[in-house]
Every structure is written in C-alpha cells, then in structure tokens.
**Student:** 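To start, I am sharing the structure in question, which I have written as structure tokens.
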Protein chains: 2
Amino acid sequence: MHSELEKYLPAFRQQLNKWITFSDEEWAIVSQHLQLKTLRKKEYFTQAGSTCKELGFILSGALRLYHLKDIEEITSYFCLANDFICSYKSFLKQQPGFSYIQAITDTLLITFTYDGLQQLLNHPLTAHKTERFGRLIAEDLIFCYEDRVQAFVTQSPEERYISLLNNNSRILQHIPQHYLANYLGITPVSLSRIRKRILEPGK
Amino acid sequence: MHSELEKYLPAFRQQLNKWITFSDEEWAIVSQHLQLKTLRKKEYFTQAGSTCKELGFILSGALRLYHLKDIEEITSYFCLANDFICSYKSFLKQQPGFSYIQAITDTLLITFTYDGLQQLLNHPLTAHKTERFGRLIAEDLIFCYEDRVQAFVTQSPEERYISLLNNNSRILQHIPQHYLANYLGITPVSLSRIRKRILEPGK
DNA sequence: GAAAGGCATTAACAAAAGATAAGAAAATCT
DNA sequence: AGATTTTCTTATCTTTTGTTAATGCCTTTC
C-alpha cells in the first residue's frame, strides 16, 4: 500500500541528516511512526488547554506560535519550511499547554506522535540514535533561544528589527507585520513608525 | 586517595535524580569524570573568545552570564545553587563563544569536561543514560527560555519585574540591581523608577 | 579611620513607545 | 466586480524609557 506520505519520506530523511543519519534498517522502523499532516490556513496544530500530541517537521508552509494575553493574541514565534514545530513544554511533559500554533498559510507537515517517539526511544535498534536526535533538536532550539534572549536584552526594538532584516529576512516574507511586531516585543503601530524612520533617514 | 570532591558527590548524585538515576556501577564510571571547581567572587567560569570546556553544576554561590555591547557589560542570565551553568553554544559546538560567565559571590561547582562527557556518551555502560541526561538538561533549559521569551513578548518591563518578585524571588536576593535591570531588558535608572512606582502606589 | 570606588536614587530633558482613533491600502469573499 | 474584512499607516496625546549628571549611601581598600 503506497501512501501520500511516501512521496515525502526521501526528502525528509535527507533533511534529518543535518542532525542524525539512520541506516536503512533503522529507517524502516522510524518511518513506521511518521504521519503526514495537512493544515489549511488558520487551522491549528495545537491549542492552549490541550496537550500537544505531535512533533512536526514542516515540509512547506508557515506556522505561528501565539499566546493569549487578556483577549489579545500575541505572536511569539514563527516556523517555516524545514523547521521542527512543537509546543515543547506541553509535548515533552504531556500536559496541557498555553500556546496556540496556527497555520499562516496552507501547510504540509510530517509528524511524530508522542507515543511513536516513546516507542522509538525504547526500541533497542533505534533508542540510541533517537535519544541523540532528541538531544540535538533540543540543543538547536537552545541556540535559537539564546540569540533571541540576547536580542531582547542588548538591542532596542529598532535594532532588533534591523537585524531581522539583515539576518533572517526569510521570516519577513509572507508574514503579516502585526505578527512581526509581537515577535519583536512591540506594538504594530510602533513597528510602522520604525519602518518609516528607517526608510526616511533624512529629517 | 580521598579528595575534597568526594565530600560533595553524594549530594550531587542526589540532585541528579531530578533528571536521571545512575546505578552504582554506572555512577562509578560517571564520577570518575567529575571535578570540583572553586571560583572566587569576580573570577570567570568562561570568557568571550575562548571555548567553554566545562559544564558546571552549582553547589553553592551564584554566577551571572553577560555579553559585551560596545564596551558595556549586559547581564542576560543568572544561575544559582542547584542550577547547571554553561555557555551552551560554545560548549556544545566546541567553538569560541561570546559570553562571559562570572562568579557574583564565591562559588563552588562540580564540572564535567567536554571530553569527559564525550567519553560517557561513548561508553557502552553509560551512553544511553548520559544521552538522555543531556536531552533532559537541554529540555529544562528550553522550558526556562520559553518562559523568558514569553515574558519579553507579552509583558511590559514593570510587569516583568513584578512577576520576578512573585515567582522568582530567589533571584532577587544577593543580586545587584543593575544586573537585574539588564536581565529585564531595561536600564538601571528605569528599574529604580519602576521600584518607586510600585512602592508608592498613591500619586 | 580616611579615601576611593561602586551602587542606588533622583532630577531634567529628549526620544521612543503605548493607546486610541481614523483613514488608506490590500486581501478576501461571494 | 463590488463589498467586506483585514492590515498598514498616520496623527494626537499620554506614559514610559533612555541619557546624562548629581547626590548620598555603603562597602572596600589601604
């Protein structure tokens, strides 16, 4: 039986080589626990109050992670193609989380379920590499957070926006400005002013 | 031969149970790779430009992590007793980092060297648990960063200070205010004003 | 014990950000 | 295409923060 999923497996396996390389034998086991998931624009990967049951890898599309403050949605992160996406605390502790993860555009993902991952962590043939894989993914996220916290601590909102322009312009494409403003820790109105300041250096 | 280190091993092993429990046999191997390290106030655990060679666990004392912006020191994090401390990116990639980690008070640590940890990761008796231990430590750090980034994105400096008072007052003791101000992403002058606003709600 | 340096507070001013509202531009829907 | 949201910009006003500098307190140092 050949599924839609199989079309994407080789590309996914290729991407995983950034972290870990599975042998054919190992891959046969790992790939049993993979699923394909499609999200239409505005659909949710996970929501506050529910437990995140999957770790996703984005084949195409974009997602945003947000929280509610009072009744306002505040976007704190974006994930694009070839990123992993997860409400980590909720997923790893298997307890209800506080994050919403929503598709910004139609999105295609490959997912591990929590149970599938536990099986891989306990299977003698895959335990070691899966454990290492989990560690490496977690470490990558730490590097990312280190940079992000450092930006908040050492830079002004304007400086943060400029470095986003220079270093991460991938994020800027296709993402509404008011989400970006949240990401930078400011209001949409303020981001608009910063943009104007940068574009009109005279005056 | 009995060393100073041995005095602290049982307490350390006890603390590690939060993450992972080593059998006596495993512990015999793990403990071979541990070292005791003392830092006097203002001494460095690691410095920018050099590669962080150790992962430390704080038995007593306090450290701050800071970066240089221009010529100014900006404190982005604190670690206290029973925390792990490391310049993670530099340590994990074994490449020169950009962080200074300095003792705020006299500090006592137990350390793993990078090489020691690699040996544990490759030793058949300890590989699996050490790999998992590394993953769990990394995950804890992620939970911590998740909260920190969310604070920057959803809260004003004043709100961040108030939640620090309520949730993390452990950090407030013994730590100079100008370091705290950096941690909150504001200037020391501004923190002083916030404190005044809170203490004098009238007016 | 006196001097020196570091640290928190306060003040005054400039710059930036938040809040609110209104209007323009763009995207979405039927 | 026309209509309806949604998003972005602009304007006004208030609040907060940054900057610089001065003061007083406390700790360290000799």
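Note that the structure is a prediction, hence the values are computed from the model and not measured. Every chain is numbered from 1, with letters handed out A, B, ... down the list of sequences.
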**Student:** If each of Ser156(A) and Ile175(B) is mapped to the nucleotide of DNA chain C with the nearest heavy atom, which maps nearer the 5' terminus, i.e. the 5' end?
**Tutor:** Ile175(B)
**Student:** 5'-most contact on DNA chain D: Pro157(B) or Lys41(B), nearest heavy atom basis?
**Tutor:** Pro157(B)
**Student:** Please tell me whether Tyr161(A) and Arg195(A) have a donor and an acceptor in their side chains that are separated by less than 3.5 angstrom.
**Tutor:** yes
**Student:** Let's see if you can work this out: which of dA12(C), dG18(C), dT10(D) has an atom nearest to the side-chain heavy atoms of Arg193(B)?
**Tutor:** dA12(C)
**Student:** Counting only side-chain N and O atoms of Arg197(A), is one of them less than 4.0 Å from OP1 or OP2 of dA17(C)?
**Tutor:** yes
**Student:** How long is the line joining CG of Asp70(B) and P of dT19(D), in whole Å?
**Tutor:** 10 Å
**Student:** Determine the interplanar angle of the Phe12(B) and Phe57(B) rings, folded into 0 to 90°, and report it as parallel if under 30°, tilted if 30 to 60°, perpendicular if over 60°.
**Tutor:** tilted
**Student:** Measure from the side chain of Gln177(B), starting at C-beta and using heavy atoms only, and say which of dT9(C), dG18(C), dA17(C) lies closest.
**Tutor:** dT9(C)
**Student:** Once you round it to whole Å, what is the distance between C1' of dC29(C) and NZ of Lys42(A)?
**Tutor:** 12 Å
**Student:** Can a donor-acceptor pair be found, under 3.5 Å and without considering hydrogens, that links the side chain of Glu131(A) to the backbone of Asn122(A)?
**Tutor:** no
**Student:** Under a 4.5 Å cut-off applied to non-hydrogen side-chain atoms, are Leu121(B) and Arg135(A) in contact?
**Tutor:** yes
**Student:** So which nucleotide from dG18(D), dT7(D), dA11(C) ends up closest to the side chain of Ile186(B)?
**Tutor:** dG18(D)
**Student:** Just the rounded figure in Å: distance from P of dA27(C) to CD1 of Ile104(A).
**Tutor:** 16 Å
**Student:** Over how many whole Å does the gap from Glu159(A) atom CD to dA16(C) atom P extend?
**Tutor:** 11 Å
**Student:** OP1 or OP2 of dT17(D) versus the side-chain N and O atoms of Thr187(B): is any pair under 4.0 Å?
**Tutor:** no
**Student:** Starting the side chain at C-beta, find the nucleotide from dA21(D), dT17(D), dA21(C) nearest to Val189(A).
**Tutor:** dA21(C)
**Student:** CG of Leu191(B) versus P of dT19(D): gap in Å, rounded?
**Tutor:** 15 Å
**Student:** DNA chain C: Ser190(A) or Pro176(B), which has the more 5' nearest nucleotide?
**Tutor:** Pro176(B)
**Student:** Taking atom P of dT10(C) as reference, at what distance in whole Å does atom CD1 of Ile194(B) sit?
**Tutor:** 14 Å
**Student:** Angle between ring planes, Phe84(B) versus Trp19(B), binned at 30° and 60°: parallel, tilted or perpendicular?
**Tutor:** perpendicular
**Student:** Report yes if at least one side-chain N or O of Arg195(A) is closer than 4.0 Å to OP1 or OP2 of dT9(D); otherwise report no.
**Tutor:** yes
**Student:** On the nucleotide dC8(D), are OP1 or OP2 found under 4.0 Å from the side-chain N or O atoms that Ser192(A) carries?
**Tutor:** no
**Student:** Quickly work out the Asn182(B) CG to dT17(D) P distance and round it to whole Å.
**Tutor:** 15 Å
**Student:** Choosing from dT9(D), dC7(C), dA17(C), which nucleotide comes nearest the side chain of His178(B)?
**Tutor:** dC7(C)
**Student:** Output the rounded distance in Å from CD1 (Ile198(B)) to P (dT16(D)).
**Tutor:** 12 Å
